[in-house]
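Remarks on the structure that follows.
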Amino acid sequence: LAALAGGADAKGGSEDAGKLQLFVKDNGTLVKYVKPTAKQDAAAVALIRDKAKTSGDKVSVKFTELETPHCLIFTDWNPAEHGFLKKNTEAAYVSVAKVFDFPLNENVFPGKFPVFMFAGKESFMAFFKADGLGDASKIIGYFNVGDDGIGYIGMFKQQPARGKTDQDTVSDWGRTLLADMTFAFCARYRTNKEFPLWVVQG
């Protein structure tokens with residue numbers, strides 16, 4: 001992420017010098033974490049909001065933006081559930097930051113970390129497909145870095161399955177959010193090279 005500091009790119013060149021990069025897609029290299037400037041943070045937030053607008057238009061979803069100290073949540077959940085969503089999304093960030101021993105008075109992500117939280121599975125699946133990721137029928141949520149360099153989480157609100165209580169459903173949702181937040185930290189904080197499956201899933 002050398003471009004965040006206005007320096008050389010990961011391969012040692014200067015072609016992308018000064019260009020804001022939120023995440024770097026895997027190219028087999030390791031890159032040092034660089035803290036963004038205030039100007040780069042503001043630019044990142046603008047890029048994220050543009051993505052949210054474009055993505056919402058693609059899948060015909062009108063997002064409400066919710067902000068926490070470290071995250072930007074774009075959702076079509078019922079407003080009565082916004083407090084729950086903000087509390088638990090921020091809690092996921094805080095929990096993972098503590099594991100990484102990252103200071104809570106900073107943000108590991110440029111600007112804030114985007115989380116797209118859908119009320120229904122159909123719109124979630126359309127969002128997944130619109131990003132060129134195929135079929136999302138068997139997943140609850142995921143972390144991805146798009147071609148635009150924006151890393152984000154996409155999830156939907158589950159309905160209780162047969163034999164499961166409401167609390168079971170909430171717990172499944174929370175575990176998925178926490179796991180995907182961990183993937184995001186790995187992608188941003190340590191390396192742009194993908195970890196072995198046994199590391200990230202373990």
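Here the structure is a predicted model, which is why all the values come from computation and not from measurement. What's counted below: heavy atoms across the whole structure, side chains too, no hydrogens, waters or symmetry copies.
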**Asked** Quick one: are V45 and L72 in side-chain contact, heavy atoms under 4.5 Å?
**Response** yes

**Message:** Within this structure, what is the CZ-SG distance for the pair F109 and C71, rounded to the nearest 0.5 Å?
**Reply:** 7.5 Å

**Any D135 side-chain heavy atom under 4.5 Å of M125 side chain** = yes

**Message:** Nearest 0.5 angstrom please: F116 CZ to Y142 OH, how far?
**Reply:** 8.5 Å

**Contact check, side chains of Y93 and M181, non-hydrogen atoms, under 4.5 Å** = yes

**Closest heavy-atom pair and its distance - I48, K112** = CD1-O, 3.1 Å

**Prompt:** Do the non-hydrogen side-chain atoms of D131 and Y152 ever get within less than 4.5 Å of each other?
**Reply:** yes

**Message:** Heavy-atom count check: over 12 atoms from other residues, nucleotides or ligands less than 6.0 Å from E65 CD?
**Reply:** yes

**Fill in**
Closest non-hydrogen atoms of G111 and A44, given as atom of the first, atom of the second and distance, are N-CB, 3.8 Å

**Asked** Between F156 and S123, is any pair of side-chain heavy atoms under 4.5 Å apart?
**Response** no

**Request:** State, with a plain yes or no, whether a side-chain heavy atom of I153 is found less than 4.5 Å away from one of F113.
**Result:** yes

**Item:** Close side-chain approach of P114 to K51, heavy-atom, < 4.5 Å
**Value:** no

**Message:** Quick one, M155 and V115 - any side-chain contact, counting heavy atoms below 4.5 Å?
**Reply:** no

**Message:** Restricting to non-hydrogen atoms, name the atom on G141 and the atom on D180 that form the minimum distance, rounded to 0.1 Å.
**Reply:** C-OD2, 3.4 Å

**Validation row, ring centre F128 to ring centre F118 under 6.0 Å** = no

**Asked** Is D41 salt-bridged to K35, going by a charged N under 4.0 Å from an acidic O?
**Response** no

**Complete:** Rounding to 0.5 Å, atoms OG1 (T64) and CE (M117) come to a distance of 13.5 Å

**Prompt:** Where does the angle between the aromatic ring planes of F102 and F185 fall among parallel (under 30°), tilted (30 to 60°) and perpendicular (over 60°)?
**Reply:** perpendicular

**Request:** Any chance you could lay out the side chain to side chain contact (heavy atoms under 4.5 Å, CB included) test for L104 and K98, step after step, and finish with the verdict?
**Result:** CA-CA 8 Å; L104 294 179; K98 287 180 178 178; 4.2 Å; yes

**Prompt:** Hey, would you say the F143 and F183 ring centroids sit under 6.0 Å apart?
**Reply:** no

**Asked** Shortest non-hydrogen contact from L47 to I150?
**Response** O-CD1, 3.7 Å

**Item:** Main-chain N/O of V108 paired with H70 side-chain donor or acceptor, under 3.5 Å
**Value:** no

**Item:** Test log, rule salt bridge (charged side-chain N to carboxylate O under 4.0 Å, His left out), inputs D50 and K53
**Value:** CA-CA 5 Å; D50 284 346; K53 175 66 168 61; over 6 Å; no

**Item:** Contact summary for T176 and I140, nearest pair of heavy atoms
**Value:** OG1-CD1, 3.8 Å

**Request:** For residues L178 and S95, report the shortest heavy-atom separation together with the two atoms involved.
**Result:** CD1-CB, 3.9 Å

**Fill in**
Quick note, side-chain hydrogen bond (donor to acceptor under 3.5 Å, both in side chains) partners involving residues 72-87, not counting sequence neighbours, are E81-K157

